K.L.:
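Sending over a structure as structure tokens; questions will come in a sec.
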Amino acid sequence: MSRYTAADIEPKWQEAWDKAGIFTATRDESKPKYYVLEMFPYPSGRIHMGHVRNYTMGDVISRYKSSCGFSVLHPMGWDAFGMPAENAAMAQGGHPGTWTYDNIKTMKGQMKPLGLSIDWSREFATCDPEYYGQQQSMFIDFMEKGLVYRKNATVNWDPVDMTVLANEQVIDGCGWRSGAPVERRELTQWFFKISDYSGELLDALDGLDNWPEKVRTMQANWIGRSQGLQFSFERTDGGGIEVYTTRPDTLMGASFVGISPDHPISKALEAENPDVAAKLAEMRKGGSTEEAIETAEKLGYDTGIRVRHPLNPEWELPVWIANFILMDYGTGAIFACPAHDQRDLDFCRKYDLPVVDTFLSLDDPKPVENDAFVPPKTEKVKWVNHFAGPDEATGEEAIDATVKFAEEAGWGTGVEKFRLRDWGLSRQRYWGCPIPVVHCPDCGVVPEKKENLPVKLPEDVTFDVPGNPLDRHPTWRDCACPSCGKPAKRETDTMDTFVDSSWYFARFTSPNAETPTDMDDASYWMNVDQYIGGIEHAILHLLYSRFFARAMNICGHLPDKAIEPFNALFTQGMVTHEIYVTRDENDRPVYHLPEDIEWTENGARLGACGTEVEVIPSAKMSKSKKNVVDPAQIISSFGADTARWFVLSDSPPERDVEWTASGAEAAAKHLARVHATAVKIAAMDDAEGDDIDLLRAMHKAIHDVTMGIESFGFNAAIAKLYAFQNTISKSKAGGKAQKQAMRTMAQLMSPMTPHLSEEVWSMLGGVGLIAQAPWPQADDAMMVEDTVTLPIQINGKRRAEISVPKDMDKAEVEKRALAEDAVVRALDGKSPKKVIVVPGRIVNVVV
RNA sequence: GCGGGCGUGAUGGAAUGGUAGACAUACCAGACUUAAAAUCUGUUGGGCCCUGUGCCCGUGUGGGUUCGAGUCCCACCGCCCGCACCA
């Protein structure tokens with residue numbers, strides 16, 4: 001074969017790998033193991049370029065580690081429960097299960113041609129009853145260990161459709177189908193006690209050395225440990241209001257006490273006073289997201305209740321209900337210090353409440369007007385209105401002094417609190433894992449017996465009316481109480497899909513086990529050595545998985561070493577593309593697919609009619625903007641290796657990569673060049689005649705590419721491979737040396753372009769499959785140059801360079817440098833102030 | 001609102017505090033060709049003096065640390081992402 005034809009090469013080698021069974025993971029105690037995992041996909045219908053990028057990166061690691069002698073586990077599955085399947089059933093009829101399994105079949109068919117080194121024998125979907133039955137079994141274990149409980153929590157309620165809405169289904173504060181303004185409503189729901197692990201989940205972040213710093217920071221902020229003071233304001237009518245504050249030092253600046261609309265006091269008032277009820281109804285409008293609450297217009301209601309200031313019983317503060325106070329954080333009640341909190345200030349200006357400065361800037365000591373003075377806690381400020389500590393102190397010092405003061409005086413306690421809330425897992429939807437409990441009129445909430453698991457979803461359901469089909473199913477709900485045997489009702493809530501994805505990595509170690517995991521297999525394969533996925537999962541999925549691993553460990557489903565399940569994490573960027581828009585008669589945007597665009601000298605036009613097209617800068621590929629490139633199409637026109645090579649080139653993996661047609665063509669051209677060079681070299685005789693430069697370049701390439709792969713610098717590794725290819729194609733060395741260089745090239749490329757590499761390898765007499773050949777080793781001795789070129793700087797600017805033996809001593813280098821023309825000229829007869837010689841790197845002469 | 005990140009030629013990007021722009025795209029020029037495509041070779045940050053082996057400027061903006069800063073620190077500007085029921 002003399003021309004590079006991916007369509008011939010790729011299926012051939014995929015068949016050879018299958019036949020050799022080399023991707024089947026086996027427990028081999030004689031080898032070190034390596035578990036590489038990409039975040040499993042949601043079966044949305046078709047694979048997209050983001051999948052290709054994600055799985056290609058995992059594949060590079062997997063193939064590389066395999067070549068390095070590891071026993072590799074590289075599995076794939078489907079995160080298969082979730083809303084889109086129900087939406088499809090609503091829109092076009094049919095069953096969510098049919099839609100899901102059809103999608104899985106299509107997407108698997110699209111992934112196969114990529115030539116990924118996946119052990120498909122371990123594949124499962126989270127909607128398989130075998131999987132979710134094990135999940136139900138674990139849920140029951142968690143119940144026994146007290147890791148699950150029920151309480152009231154807020155949901156988005158569509159008052160027209162009479163149904164719960166996901167945040168995604170709330171558009172501008174209204175239900176997506178009904179268009180009615182959404183309200184917040186309370187329901188009794190199931191919760192995992194993740195907050196019991198707040199401190200541990202936070203502290204253990206320190207040990208996750210191979211996680212990106214930013215993910216650890218984001219998780220730490222999410223868990224949000226704070227030190228503060230908890231104390232009670234005494235009500236003038238008896239009783240008290242417990243508040244928590246992280247800024248007790250500003251207590252003298254208090255202007256009111258604020259309580260959440262969901263605070264028990266608010267609810268009590270609501271029940272007896274229609275005015276309050278109306279106000280609260282207004283405050284409960286809008287979505288339940290933190291963002292919606294934080295950015296909503298500040299609303300308040302003066303309850304008429306008054307409390308005494310703890311430091312001065314004469315000083316009475318009003319109690320307001322305020323819509324920006326969250327019941328879930330702290331005690332659901334605060335005292336407001338408007339001078340040093342912008343939110344409080346906005347509220348006080350709106351309702352004409354007093355603003356009292358407690359400290360002033362040392363540089364610019366003027367009272368607060370419309371901008372709250374919120375310096376860093378480490379900045380020293382002047383206290384004008386204080387009761388503990390010195391007149392000039394930082395916020396930190398003042399807080400410590402205040403807590404100490406309050407504790408000694410006996411009216412407050414320093415406490416540690418976390419922002420992390422318990423994980424609400426109840427969903428009022430069909431297409432999810434049923435929560436395996438039964439509500440019995442006599443026994444209350446009873447877990448289903450394990451021998452009755454899985455509690456399967458009923459098949460005969462319809463989606464023609466809003467709401468949860470399980471709720472209105474005629475028979476599914478009816479069952480016998482597992483405890484007393486009398487008629488009872490099943491729980492109709494299903495689990496959050498995050499539950500499904502919180503332990504799938506553990507199931508992969510033994511996907512057919514009769515229990516959630518098999519401890520022998522889990523002990524061998526866990527932990528995941530390298531986990532790869534999108535940054536959008538930085539907080540929730542990864543935090544929930546860390547909690548689950550701990551909970552599974554407590555229930556005996558994971559070994560101790562696996563409580564932090566992901567040893568290393570890599571978060572890859574998105575694949576983006578330009579967006580092409582024209583306008584319709586109403587000036588609304590109409591989007592166009594990249595393949596419909598033609599480029600002319602006058603810019604982009606529609607291929608069909610020649611209409612001018614506006615080009616909007618690159619953004620994440622999305623169906624609605626039509627800026628998508630179909631991987632299946634790319635593979636059929638260029639081949640999988642080209643697609644793989646391109647998504648790894650150019651951009652660093654953690655950053656977004658822009659898909660361009662020219663970039664894809666460049667990748668294809670390069671692979672064709674490599675192939676052509678290999679064909680040419682294969683035809684050479686085995687003439688001796690080493691070329692020291694070629695050998696050097698080869699060892700340098702081995703070193704650089706290996707480092708590139710190890711450090712996720714795939715784009716840099718590829719740049720080195722380009723350079724090495726240029727060196728080989730220009731080499732004058734004998735056939736033997738060139739063949740060796742080219743075989744090495746094939747090996748270095750094999751994690752990225754496995755098919756072409758096999759082809760080149762076999763063409764040049766490589767033994768066996770390249771996929772099973774050991775990774776080449778760089779010879780350090782070959783990479784050391786005898787002489788080095790040192791740049792010479794004068795006052796930090798490069799002015800000349802000298803070539804010196806690599807181990808020449810500093811004094812001699814200095815002497816040579818000072819003898820250079822440029823240096824002599826710059827010195828103009830004077831002697832240098834200072835000369836810095838960094839051996840092997842640089843010389844800097846300070847004049 | 002809160003939290004996180006990013007900013008380097010025409011473009012994607014490279015650069016353990018040590019020659020800024022590797023590698024690639026695009027453009028331009030040349031070779032091959034009747035021609036085009038393909039392929040191959042070469043040039044290309046901006047400006048100045050233009051005769052160079054010359055000089056000045058240059059990594060969002062403004063300061064700072066350092067012999068030396070794209071890299072570290074501070075402030076600002078712009079863009080992007082997440083915010084607990086999207087997966």
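Letters A, B, ... are given to chains in the order of the sequence lines, protein chains preceding strands, and every chain is numbered from 1. Note that the structure is a prediction, hence the values are computed from the model and not measured.
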K.L.:
Say you pick atom P in B:G70 and the same atom in B:U59; how far apart are they, in whole Å?
P.N.:
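B:G70 and B:U59 have their P atoms separated by 7 Å.
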K.L.:
Is any side-chain nitrogen or oxygen of A:Asn221 closer than 4.0 Å to OP1 or OP2 of B:G4?
P.N.:
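Looking at the OP1 and OP2 atoms of B:G4, one of them is under 4.0 Å from a side-chain N or O of A:Asn221.
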K.L.:
When you measure from the side-chain N and O atoms of A:Thr217 to the phosphate of B:G4, is any distance below 4.0 Å, counting only OP1 and OP2?
P.N.:
no
K.L.:
Suppose we call a contact any N or O donor and acceptor under 3.5 Å apart; does that hold for the side chain of A:Asn844 and the base of B:C67?
P.N.:
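Under the 3.5 Å cut-off, the side chain and the base do form a donor-acceptor pair.
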K.L.:
Does a sphere of radius 6.0 Å around CG in A:Asn726 hold more than 12 heavy atoms from other residues, nucleotides or ligands, not counting ones at 6.0 Å or beyond?
P.N.:
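Enclosed: over 12 neighbouring heavy atoms sit under 6.0 Å from CG of A:Asn726.
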K.L.:
Taking atom NZ of A:Lys700 as the centre, report whether more than 12 heavy atoms of other residues, nucleotides or ligands fall under 6.0 Å from it.
P.N.:
no
K.L.:
Can you tell whether the side chains of A:Arg177 and A:Asp158 come within less than 4.0 Å, N to carboxylate O?
P.N.:
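No.
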K.L.:
Using purine N1 to pyrimidine N3 plus N6-O4 or O6-N4 for Watson-Crick, or N1-O2 and O6-N3 for G-U wobble, both under 3.5 Å, which nucleotide pairs with B:C76?
P.N.:
B:G60
K.L.:
Does the pair A:Asp496/A:Arg427 count as a salt bridge with the N-to-O cut at 4.0 Å?
P.N.:
yes
K.L.:
Give one of base, sugar-phosphate or nothing for A:Val164, where a contact means two heavy atoms less than 4.0 Å apart.
P.N.:
base
K.L.:
Report which part of the nucleic acid A:Gly424 touches: base, sugar-phosphate, or nothing (heavy-atom distance under 4.0 Å, all strands).
P.N.:
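Here A:Gly424 touches the backbone only, sparing every base.
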K.L.:
Would you indicate, yes or no, if B:C85 has its OP1 or OP2 atom less than 4.0 angstrom from a side-chain nitrogen or oxygen of A:Arg421?
P.N.:
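Answer no for this pair, as no side-chain N or O of A:Arg421 is under 4.0 Å from OP1 or OP2.
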K.L.:
Among the nucleotides B:C85, B:G7, B:U41, which one has an atom lying closest to any side-chain atom of A:Arg429?
P.N.:
B:C85
K.L.:
From the list B:G13, B:G68, B:G4, which nucleotide is the closest neighbour of the side chain of A:Asn715?
P.N.:
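The closest nucleotide is B:G13.
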K.L.:
Checking contacts here: which listed nucleotide (B:U19, B:A87, B:C85) is nearest the side-chain heavy atoms of A:Arg427?
P.N.:
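Out of B:U19, B:A87, B:C85, the nucleotide with an atom closest to A:Arg427's side chain is B:C85.
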K.L.:
Using the side-chain heavy atoms of A:Pro791, tell me which of these nucleotides is nearest: B:U19, B:C85, B:G3.
P.N.:
B:U19
K.L.:
Would you say the side chain of A:Ile532 lies within less than 4.5 Å of the side chain of A:Met39, judging by non-hydrogen atoms?
P.N.:
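A:Met39 does not reach A:Ile532 side chain to side chain.
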K.L.:
Describe the nucleic acid contact of A:Phe498 in one word from base, sugar-phosphate, nothing, applying a heavy-atom distance below 4.0 Å.
P.N.:
base
K.L.:
If we take the C1' atom in both B:A10 and B:G82, what is their distance in whole Å?
P.N.:
33 Å
K.L.:
Side chain of A:Glu290 only, heavy atoms from C-beta on: which candidate in B:A14, B:A84, B:A87 is closest?
P.N.:
B:A84
K.L.:
With sugar-phosphate meaning primed atoms plus P, OP1 and OP2, does A:Asn726 contact a base, only sugar-phosphate, or nothing at under 4.0 Å between heavy atoms?
P.N.:
sugar-phosphate
K.L.:
If you check every side-chain atom of A:Ala666, which of B:A84, B:A24, B:C85 has the closest atom?
P.N.:
B:A24
K.L.:
Can you confirm whether A:Arg798 sits close enough to A:Ile842 that some side-chain heavy atom of one is under 4.5 Å from a side-chain heavy atom of the other?
P.N.:
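Answer no - side chains too far apart.
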K.L.:
If we take the P atom in both B:C86 and B:G63, what is their distance in whole Å?
P.N.:
46 Å
K.L.:
Both distances below 3.5 Å, Watson-Crick or wobble geometry, any strand: find the nucleotide opposite B:U11.
P.N.:
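Partner of B:U11: B:A24.
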K.L.:
Closest to the A:Ala166 side chain: B:A87, B:C85, B:G18?
P.N.:
B:C85
K.L.:
Indicate, with a heavy-atom threshold strictly under 4.0 Å, whether A:His537 touches base, sugar-phosphate, or nothing.
P.N.:
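Counting heavy atoms under 4.0 Å across all strands, the contact made by A:His537 includes a base.
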K.L.:
If the P atom of B:C28 is compared with that of B:C76, how far apart are they to the nearest Å?
P.N.:
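Comparing P positions in B:C28 and B:C76 gives a spacing of 45 Å.
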K.L.:
What's A:Leu420 touching, base or sugar-phosphate or nothing? Going by heavy atoms closer than 4.0 Å.
P.N.:
base
K.L.:
Counting only side-chain N and O atoms of A:Lys833, is one of them less than 4.0 Å from OP1 or OP2 of B:C67?
P.N.:
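No, no such contact exists.
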K.L.:
Using the P atoms only, state how far B:G21 lies from B:G54, rounded to an integer number of Å.
P.N.:
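Taking atom P in both B:G54 and B:G21, they lie 16 Å apart.
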K.L.:
Which listed nucleotide (B:C40, B:C83, B:C85) is nearest to the side chain of A:Arg673?
P.N.:
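Of the candidates, B:C40 comes closest.
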K.L.:
With respect to the side chain of A:Val838, which nucleotide from B:C86, B:A20, B:G18 is positioned closest?
P.N.:
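Closest nucleotide among those given: B:G18.
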K.L.:
Return no unless some side-chain N or O of A:Arg419 is found under 4.0 Å from OP1 or OP2 of B:C83.
P.N.:
no
K.L.:
Which nucleotide, B:A87, B:G1, B:C85, lies nearest any side-chain atom of A:Thr295?
P.N.:
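The closest nucleotide is B:G1.
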K.L.:
I'd like the P distance from B:U71 over to B:U66, given in whole Å.
P.N.:
16 Å
K.L.:
Base, sugar-phosphate, or nothing for A:Trp423, non-hydrogen atoms under 4.0 angstrom?
P.N.:
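Answer is nothing: A:Trp423 stays at 4.0 Å or more from every strand.
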K.L.:
Can you find an N or O donor on one side and an acceptor on the other, under 3.5 Å apart, linking the side chain of A:Gln428 with the base of B:C85?
P.N.:
yes
K.L.:
Answer yes if the ring centres of A:Tyr131 and A:Trp503 are under 6.0 angstrom apart, and no otherwise.
P.N.:
yes
